[in-house]
Amino acid sequence: MNAKKIIFTEKAPAPIGPYSQAVLIGTTLYTSGQIALNPVTMELVLDDIETETKQVMENMKAVLNAADMAFENVVKTTIFIMDMGDFARINSVYGSYFDEKIAPARETVQVAGLPKGVNVEISMVAVK
């Protein structure tokens with residue numbers, strides 16, 4: 001069994017509870033969900049759904065980079081959204097981070113609530 005390695009970077013928001021930004025087991029990275037917290041100020045970035053989604057993806061990029069990975073390594077994502085009416089706008093920003101030819105598997109679900117009242121949270125699984 002491969003040892004569990006905790007991934008942490010100051011370039012993504014510090015955990016706000018008893019969890020890690022990501023855990024690496026062997027060559028597989030499991031990220032926690034990221035929300036639109038600015039990692040420097042720890043303030044939410046909620047100007048509009050596109051700006052919020054971009055902050056989430058930039059936070060995720062920082063976590064992937066801390067594990068020496070990139071979006072090309074992502075094999076699975078989960079997107080939690082408050083309003084399915086925002087799906088197209090979230091998807092547009094999300095899609096700009098991936099090459100469609102090698103895009104990861106994904107599910108998107110509408111939920112009743114998310115931490116700190118945000119509109120979108122995204123988690124990923126990546127393999128090196």
Side-chain angles (χ1 to χ4, degrees):
M1 166 112 181
N2 293 309
K4 177 168 98 171
K5 179 180 178 187
I6 302 302
I7 302 299
F8 175 80
T9 177
E10 291 182 0
K11 295 179 181 178
I16 54 175
Y19 62 89
S20 301
Q21 291 171 333
V23 175
L24 182 67
I25 301 286
T27 59
T28 304
L29 181 73
Y30 301 90
T31 74
S32 291
Q34 286 291 325
I35 61 174
L37 279 171
N38 176 308
V40 175
T41 64
M42 289 301 283
E43 297 291 324
L44 288 170
V45 179
L46 303 175
D47 302 337
D48 55 55
I49 196 65
E50 291 87 357
T51 304
E52 184 176 352
T53 304
K54 184 176 187 324
Q55 183 66 58
V56 171
M57 295 300 287
E58 288 298 313
N59 291 346
M60 192 57 69
K61 180 179 180 180
V63 173
L64 290 167
N65 289 172
D68 295 320
M69 294 191 198
F71 287 109
E72 292 79 20
N73 297 100
V74 176
V75 297
K76 177 80 166 60
T77 65
T78 302
I79 303 176
F80 302 98
I81 62 177
M82 288 294 295
D83 181 355
M84 199 56 80
D86 289 333
F87 175 77
R89 293 164 48 203
I90 291 167
N91 194 53
S92 177
V93 175
Y94 167 92
S96 71
Y97 286 83
F98 292 100
D99 176 346
E100 270 191 56
K101 294 176 186 154
I102 58 167
R106 176 183 84 185
E107 68 259 335
T108 303
V109 294
Q110 181 173 314
V111 296
L114 288 168
K116 295 189 169 279
V118 299
N119 300 295
V120 60
E121 179 175 2
I122 301 174
S123 64
M124 298 182 178
V125 177
V127 178
K128 198 177 235 186

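Computed from a predicted structure; not experimentally measured.
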Inspect the surroundings of NZ in Lys4 and state if more than 12 heavy atoms from other residues, nucleotides or ligands are less than 6.0 Å away. no
Kindly check if the number of other-residue, nucleotide or ligand heavy atoms within 6.0 Å of CD (Glu10) is above 12?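 No, CD of Glu10 has 12 or fewer neighbouring heavy atoms, counting only those of other groups under 6.0 Å.
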State the [atom1]-[atom2] distance between [X] and [Y], to the nearest 0.5 angstrom.
X	Y	atom1	atom2	value
Ser32	Met60	OG	CE	8.0 Å
Met69	Leu29	CE	CG	5.0 Å
Asn73	Lys128	CG	NZ	7.5 Å
Asp86	Ile81	CG	CD1	6.5 Å
Asp83	Asn119	CG	CG	8.0 Å
Leu24	Asp68	CG	CG	9.5 Å

Least distance between heavy atoms, [X] atom then [Y] atom:
X	Y	answer
Met84	Gln110	N-OE1, 2.8 Å
Ser96	Val93	OG-O, 2.6 Å
Pro104	Thr77	CG-CG2, 4.0 Å
Gln55	Pro39	NE2-CD, 3.6 Å
Glu52	Val120	OE2-N, 3.4 Å
Ile16	Met42	CG2-CE, 3.9 Å

Is [Y] reachable from [X] through a run of I, L, V, M, F, W or Y residues, each pair having side-chain heavy atoms under 4.5 Å apart?
X	Y	value
Ile25	Ile6	yes
Phe98	Leu64	yes
Ile90	Phe80	no
Val74	Ile35	no
Ile79	Met82	no

Under the 3.5 angstrom rule, does the side chain of [X] hit a backbone N or O of [Y] as a donor-acceptor pair?
X	Y	result
Gln21	Pro15	no
Ser92	Ala88	no
Asp99	Ala103	no
Thr78	Ser123	no
Asn59	Pro13	no
Glu121	Leu114	no

Working note: Tyr97 + Lys54, criterion side-chain contact (heavy atoms from CB on, under 4.5 Å); need CA distance, chi angles, decisive distance, verdict. CA-CA 9 Å; Tyr97 286 83; Lys54 184 176 187 324; 3.5 Å; yes
Could you check Leu44 against Leu37 for side-chain contact (heavy atoms from CB on, under 4.5 Å), going step by step and ending with a plain yes or no? CA-CA 4 Å; Leu44 288 170; Leu37 279 171; 3.6 Å; yes
May I have the step-by-step check of side-chain contact (heavy atoms from CB on, under 4.5 Å) for Lys11 and Asn65, ending in yes or no? CA-CA 10 Å; Lys11 295 179 181 178; Asn65 289 172; over 6 Å; no
Cation-pi check, Arg106 to Tyr94: give yes when NZ or CZ is under 6.0 Å from the six-membered ring centre and within 45° of the ring axis, no otherwise. yes
Before giving the answer on side-chain contact (heavy atoms from CB on, under 4.5 Å), spell out for Ile122 and Met57 the whole-Å C-alpha distance, their side-chain angles and the decisive distance to 0.1 Å. CA-CA 8 Å; Ile122 301 174; Met57 295 300 287; 3.7 Å; yes
